[in-house]
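Every number for a ligand or one of its atoms is a count from 1 in the order of the listing.
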Amino acid sequence: MKKIIVFSIFCAVLTLIFGCNSDSPSSIEDPQTGNYVKIHTAESNGNKFEVWSSTASNFLYGYNNIGFKVFLNGAEQNSGFVKFLPTMYHGIGGQRHSIPVEDMFLYDTQNSLFTGYAIFTMYDTAAFWAANFSYNTLVQVDSSIIQLFPESRSQLFIWNNSVTQREYVLTLINPRAARVGLNTVDMMLHETADMQTYSEIESAEMFIRPWMEAMGHGSGNNINPTGNGGGKYSGTANFTMAGQWFLYDSIKVNNSFITGTPPPKFILEVN
Ligand SMILES: [Cu+2]
């Protein structure tokens, strides 16, 4: 009996730390495919926005698949669109910036949510986040404080390019838990000129290169990611053995490389 109690406490603590267990299908292994759970409520003047996530039970650093429920004086809405604008404040009077986020969250009848994504690009305990919500540009709830949680498996790469005078954000959605063999690679690519508005880049060419640094080799049978629309790209990476791999991605937009040397690099522990 004592063992069971200890084990239960152990599981509860793990659940608190990692936000998932065998009962929770909201696994972060693929941040796009869990069940949606409610993670935040913003309310004012009888209008309510609920945020639901299929990535985790909190807002996480990196890629978040999210959806909204909108209630106007208690009545749930199922048409129109939601806009979500998070801002990161680096202290009062300090720097602030926004993040790449779905431009318009549209109603998805299958999930009964206005669905899309948000990519939290920084995690800093000295900073705080607030978000504005709007529905059909009419109804608004402003400056709702949101809490962001760290997630070591979330990876993104931010760089600027002095020629295009843009800052780019490359987000690795999958894999988070890479396996030996062929892995689907899902990424998003955004650009911004002002750190306030980010746009999805649709027509990039990507060239991935898995590299096992410790042994000095790459791999064959990789498939470069190509665009699926909405700033998302999918390809295949072949990790031929267990251990740490780098995944490089060189990117061309309008026939010119926007990435530098070395190109953006993600680090994956392959099992
Ligand atoms: Cu920041």
Please check: side-chain N/O of Glu151 versus main-chain N/O of Arg153, any donor-acceptor pairing under 3.5 Å?
yes
Quick one: give me the number of protein N/O/S atoms under 2.8 Å from the Cu ion (ligand 1).
4
Once you measure the plane-to-plane angle for Phe105 and Phe68, does it fall in the parallel (<30°), tilted (30-60°) or perpendicular (>60°) bin?
perpendicular
Scan residues 74-96 for pairs that pass salt bridge (Lys or Arg N to Asp or Glu O under 4.0 Å), counting only residues two or more places apart or in two chains.
Lys69-Glu76, Lys83-Asp103
Pair Glu50 + Lys38: basic N to acidic O under 4.0 Å
yes
Please collect all side-chain hydrogen bond (donor to acceptor under 3.5 Å, both in side chains) contacts where either partner lies in residues 218-240, sequence neighbours excluded, each pair once.
Gln32-Lys232, Tyr63-Lys232, Asp186-Ser234, Ser219-Asn222, Asn228-Ser234
Sequence neighbours excluded, every pair satisfying ring-ring contact (aromatic ring centres under 6.0 Å, His included) that has a member inside residues 165-194:
Tyr117-His190, Trp159-Tyr168
